[in-house]
Amino acid sequence: MADALPLSGRKCVVTGGSRGIGAAVVRMVLAQGADVAFGYHHSSDRAEALRDELRTAYPEQRCTALPGEVSDGAGAEKFAAEALKSLGGGLDVLVNNAGITRDISFARMRREQWDEVIDTNLGSMFNVTRPLVMPLVKQRNGTVINITSASGIHGAPGQTAYSASKSGIIGFTKALAKEVGGLGVTVNAVAPGFIHTDMTAAIPEQHADRLKSMIPTQEFGSADDVAALVCFLASDRARYITGQVIEISGGLVL
Ligand SMILES: NC(=O)c1ccc[n+]([C@@H]2O[C@H](COP(=O)([O-])OP(=O)(O)OC[C@H]3O[C@@H](n4cnc5c(N)ncnc54)[C@H](OP(=O)(O)O)[C@@H]3O)[C@@H](O)[C@H]2O)c1
């Protein structure tokens with residue numbers, strides 16, 4: 001008999017699954033045998049197209065796209081409830097991926113820009129994780145994977161709000177790992193460097209070339225590179241890893 005896939009039967013929730021890293025995670029967890037409910041904010045067309053494509057490719061598995069604005073507490077709670085329902089109850093893997101940048105020098109930043117970034121990137125950790133942590137704890141088995149950033153570890157100019165929000169995710173990850181480790185739930189953070197998605201597409205080519213020359217591997221990573229790490233952390237092979245921040249950046253800072 002063929003070996004079971006690494007995520008066979010796992011129930012996963014992914015935020016911001018309509019594009020970029022989130023969409024790559026949705027594709028890869030399904031390919032590895034999981035059932036998925038993923039959220040989107042503005043990109044309903046892309047989310048529905050992805051859902052339809054994946055339902056055709058994996059007809060035996062559940063794949064649901066749901067509106068999931070993560071900076072809004074009530075909306076996130078509704079998303080969490082509907083995601084659980086669509087998975088038939090129970091949860092094994094939560095991937096907190098949704099995030100935004102609003103790059104601007106700190107001296108010119110308006111309070112609304114700061115709030116938007118903090119509410120989306122860090123507020124979402126509360127809004128989405130709080131309603132979903134109990135189903136994980138009840139099973140005495142599960143994992144939370146939070147997408148932070150190399151900027152949250154090292155800081156980045158023009159990204160004070162973003163770096164602060166992503167550092168906050170690291171503190172949240174470590175504290176929650178300590179709270180729920182004894183209850184069978186692991187919590188880790190993945191910290192990408194420069195990854196080819198819409199988020200980095202706006203970087204002018206000359207600047208991108210300069211950045212690449214500073215990365216030991218001399219290239220940006222792909223969304224699949226990050227998804228592969230997320231899938232590993234979601235699998236049993238990572239069962240003894242918790243409270244860690246795993247940088248995936250081609251060695252950006254060594
Ligand atoms: N790309 C990089 O180089 C890089 C590096 C380090 C960390 N990261 C982190 O990786 C994660 C994914 O980034 P990405 O590069 O894939 O970005 P992306 O291509 O811009 O995609 C962002 C995703 O987040 C969703 N999203 C944004 N705001 C949301 C909100 N308020 N509620 C719900 N969903 C929301 C978007 O949904 P809609 O399109 O439906 O609105 C989209 O699916 C982010 O947390 C980002 O900070 C990325």
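Quick note: numbers below take in every heavy atom, side chains included, and nothing from hydrogens, waters or symmetry partners. Just so you know, ligand 1 is whichever comes first in the structure, and atom 1 is the first atom listed for that ligand.
Of the heavy atoms in Lys166, only side-chain atoms (C-beta onward) come closer than 4.0 Å to ligand 1. Residue contacts with ligand 1, taken as heavy atom pairs separated by less than 4.0 Å, involve Asn97 via backbone and side-chain atoms alike. Of all the heavy atoms of Thr120, the ones lying under 4.0 Å from any atom of ligand 1 belong exclusively to the side chain. Looking at Ile21 against ligand 1, both its backbone and its side chain come within 4.0 Å, counting heavy atoms. If you look at Phe194 next to ligand 1, the close heavy atoms, those under 4.0 Å, all belong to the backbone. Within the 4.0 Å heavy-atom criterion, both parts of Ile195, backbone and side chain, lie near ligand 1.
Checking Ala98, Gly22, Ser222, Ser149 against atom 26 (N) of ligand 1, the nearest heavy atom belongs to Ala98.
In the hydrophobic clustering, where aliphatic and aromatic side chains (Ile, Leu, Val, Met, Phe, Trp, Tyr) are joined below 4.5 Å either directly or transitively, Val253 groups with Phe194, Ile203, Leu211, Ile215, Phe220, Leu252.
Residue, atom and distance of the protein heavy atom nearest to atom 6 (C) of ligand 1 are Pro192 O, 3.2 Å. The nearest heavy-atom contact from the protein to atom 15 (O) of ligand 1 is Thr197 OG1, 2.5 Å. Ranking the protein heavy atoms by distance from atom 32 (N) of ligand 1 puts Val70 N, 3.0 Å first. The shortest contact between atom 23 (C) of ligand 1 and any protein heavy atom is with Gly16 O, 3.9 Å. Summary of contacts: the protein heavy atom closest to atom 13 (O) of ligand 1 is Met199 CE, 3.9 Å. Nearest protein heavy-atom neighbour of atom 10 (O) of ligand 1: Ile147 CG2, 3.3 Å. For atom 20 (O) of ligand 1, the closest heavy atom belonging to the protein is Arg19 NH1, 3.3 Å. The protein heavy atom nearest to atom 47 (O) of ligand 1 is Tyr162 OH, 2.6 Å.
Interface atoms of ligand 1 facing Ile100, defined by a heavy-atom separation under 4.0 Å, are 27 (C), 28 (N). Residue contact check: Gly99 has heavy atoms under 4.0 Å from atoms 22 (C), 24 (O), 27 (C), 44 (C), 45 (O) of ligand 1. Close approach of ligand 1 to Gly20 is summarised as follows: ligand atoms under 4.0 Å from at least one heavy atom of the residue are 16 (O), 19 (O). Residue contact check: Asp198 has heavy atoms under 4.0 Å from atoms 19 (O) of ligand 1. In the vicinity of Tyr40, heavy-atom distances shorter than 4.0 Å reach the ligand 1 atoms 40 (O).
Between Thr200 and ligand 1 there is a heavy-atom distance shorter than 4.0 Å. Using 4.0 Å as the threshold, Gly68 has a heavy atom nearer than that to some atom of ligand 1. The shortest heavy-atom distance from Thr148 to ligand 1 is under 4.0 Å.
If you check the side chains of Asp35 and Gln61, you find no donor sitting under 3.5 Å from an acceptor.
When only interatomic distances are considered, the shortest N/O to N/O separation between Gly193 and ligand 1 falls below 3.5 Å.
Here the rule is side-chain hydrogen bond (donor to acceptor under 3.5 Å, both in side chains) with Arg10, and of Asp92, Asp236, Thr143 only Asp236 fits it.
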